[in-house]
Protein chains: 2
Amino acid sequence: MAADVTGRPGRRPGPTETRERILACARRLFAEKGYDGASLRGIAREAGVDPALVHHFFGGKQGVFVAAMRFPIDPAAVLEQVAHMPRERLGEALARVFLEVWDDPARRAPALALLRSAMTNEQAATMMRQFVSSALLGPITERYRIPPLRVQAAVGQMIGMAVLRYVLEVEPIASAPPQELAAMLAPVLQHHLDSS
Amino acid sequence: MAADVTGRPGRRPGPTETRERILACARRLFAEKGYDGASLRGIAREAGVDPALVHHFFGGKQGVFVAAMRFPIDPAAVLEQVAHMPRERLGEALARVFLEVWDDPARRAPALALLRSAMTNEQAATMMRQFVSSALLGPITERYRIPPLRVQAAVGQMIGMAVLRYVLEVEPIASAPPQELAAMLAPVLQHHLDSS
DNA sequence: AGCAGAATTCATCATGTGTTGAATTTATGT
DNA sequence: ACATAAATTCAACACATGATGAATTCTGCT
């Protein structure tokens, strides 16, 4: 992953993919250590680049974070799969989408980064609150007329599973096959969303 | 909360409660910012004390953390309330204990600190894994012969609720009355623990 | 009274952090 | 060919962190 062995300044020949490389490393480090734990310099080191370059491209650490976050989270596109579903299969659909996103490493990285960061960083927490509220709560709550508390209980079940499986990596849930988890998840989500 | 306005060194007259004061501040700060976010110096500042004192008492930052963690988590005593319950009321009992602990600020602090810290700090993660495994999974799994995966799904539901309610403080779940949450929680926990 | 030990502060070190401004090299548009 | 803009590194700053060793003041035991 390291690039310039040449220690001298100035632009490199050929087309430049450095920006993407930095973003990829940033996603990995933010996902591994959270916002506060990852450092600009660490990201630069991983990308084989001077820290000042990272700062120059994104205007600061926070800039790198937001740039790294808006990747494949498809805030609306994901919910599209859920939105036009008969209400009695909502649980099933949610469980499937949840596991689909979290089991794809590329889409898991930003999600993990946000989850980890939101626990200790106020700005990341605000981002996550907004995501929960406007990408999950909002649509479901108004399309299906389900009380917010119920929806949040369902969201909580998913978050907790993400914590155990992807953050703490506790066994056996960390290695369980996705279908098995979906089978456990679906009825519970459905139950939460059902009760009047 | 500040103590010595006298800036001069040496032992203070009278009996000393400084150690406890430091621990209290440590619990608060670890709960607010997590292990990596809280600093030795910040704790010392809050306690109105020199950073070196904290180091002297607990032998380092990690020492402060473990000392702050082993407070009122009663690893076994809490589960006592659950352990001798008929299996069909396990969900109810778990939900009650969960909300009881998390709604008492004194007992919530260490729990919150561990939850927040475990997301980015490997040692805290290990602590939390051990707590989940040996204080929740172990007892329930072998006393009631419930598959670990099921128990973890139930634990996940509780963790997720803690995240939404106490870390992110999303409304309306952050302000919902405990009984309402217990009423939503109990049947779901029971369901997880029921299915063969 | 005296003395070991505990409590407490001070000054300091090495390290890591985000940020900034200037310098240098290449690419691109005219 | 030339000029502007972009990419890239370097050097440095101001600051915070955890840790350490020495110095000072008090308590408690004998």
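Numbered from 1 within each chain, the chains take letters A, B, ... in sequence-line order.
Positionally, the nearest nucleotide of DNA chain C for B:V54 lies more toward the 5' end than for the other of A:D36 and B:V54.
In the displayed structure, A:K33 atom NZ is contacted under 6.0 Å by at most 12 heavy atoms of other residues, nucleotides or ligands.
Atom NE2 in A:H55 sits roughly 10 Å away from atom P in C:dG18 (whole-Å rounding). D:dA19 atom P lies 15 Å from atom NE2 of B:H56, rounded to whole Å. In this structure, the CD atom of A:E17 is 13 Å from the P atom of C:dA27, given to the nearest Å. Computed from coordinates, the A:I22 CD1 to D:dA6 P distance equals 16 Å when rounded to whole Å. Between B:K33 atom NZ and D:dT17 atom C1' the separation is 13 Å, expressed in whole Å. Between B:R45 atom CZ and D:dA16 atom P the separation is 8 Å, expressed in whole Å. Look at CZ on B:R19: it is 11 Å from P on C:dT8, rounded to the nearest Å. Across the protein-nucleic acid pair, B:R21 atom CZ and C:dA7 atom P stand 13 Å apart, rounded to whole Å.
Near DNA chain D, meaning a heavy atom under 4.0 Å away, there are no residues from residues 58-66 of chain A.
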Please list each protein N or O that sits under 3.5 Å from an N or O in nucleotides 11-14 of chain D, with the distance.
none

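Residue A:S39 places none of its side-chain N or O atoms closer than 4.0 Å to OP1 or OP2 of C:dG16. Distances shorter than 4.0 Å separate none of the side-chain N or O atoms of B:T18 from OP1 or OP2 on C:dA7.
B:L53 comes within contact range of at least one nucleobase, with a heavy-atom separation under 4.0 Å.
A:R108 pairs by the salt bridge (Lys or Arg N to Asp or Glu O under 4.0 Å) definition with nothing, not counting sequence neighbours. When the salt bridge (Lys or Arg N to Asp or Glu O under 4.0 Å) test is applied to B:R143, no partner is found at least two apart in sequence or on another chain.
Closest approach of B:R87 to B:L193, counting heavy atoms only: NH2-O, 2.9 Å.
Distance check, rounded to the nearest 0.5 Å: CG of A:L94 to CD1 of A:I140 gives 4.5 Å.
With a 4.5 Å cut-off on side-chain heavy atoms, B:E100 and B:R107 count as touching.
Residue A:L40 has its side chain nearest to C:dG18 when only C:dG18, D:dT8, C:dT9 are considered.
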When the side chains of residues 109-119 of chain B are checked against the rest of the protein, which donor-acceptor pairs come out under 3.5 Å, sequence neighbours left out?
residue : atom : partner : partner atom : Å
B:R116  : NE   : A:M119  : O            : 2.5
B:R116  : NH1  : B:A31   : O            : 2.6
B:S117  : OG   : B:Y35   : N            : 2.8
B:S117  : OG   : B:A113  : O            : 2.6

Acceptor/donor pairs from residues 171-184 of chain A side chains to any protein atom, 3.5 angstrom cut, sequence neighbours excluded:
residue : atom : partner : partner atom : Å
A:E171  : OE1  : A:S175  : N            : 3.3
A:E171  : OE1  : A:S175  : OG           : 2.9
A:E171  : OE2  : A:S175  : OG           : 2.7

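The closest donor-acceptor contact from the side chain of B:R129 to the backbone of A:L168 lies under 3.5 Å.
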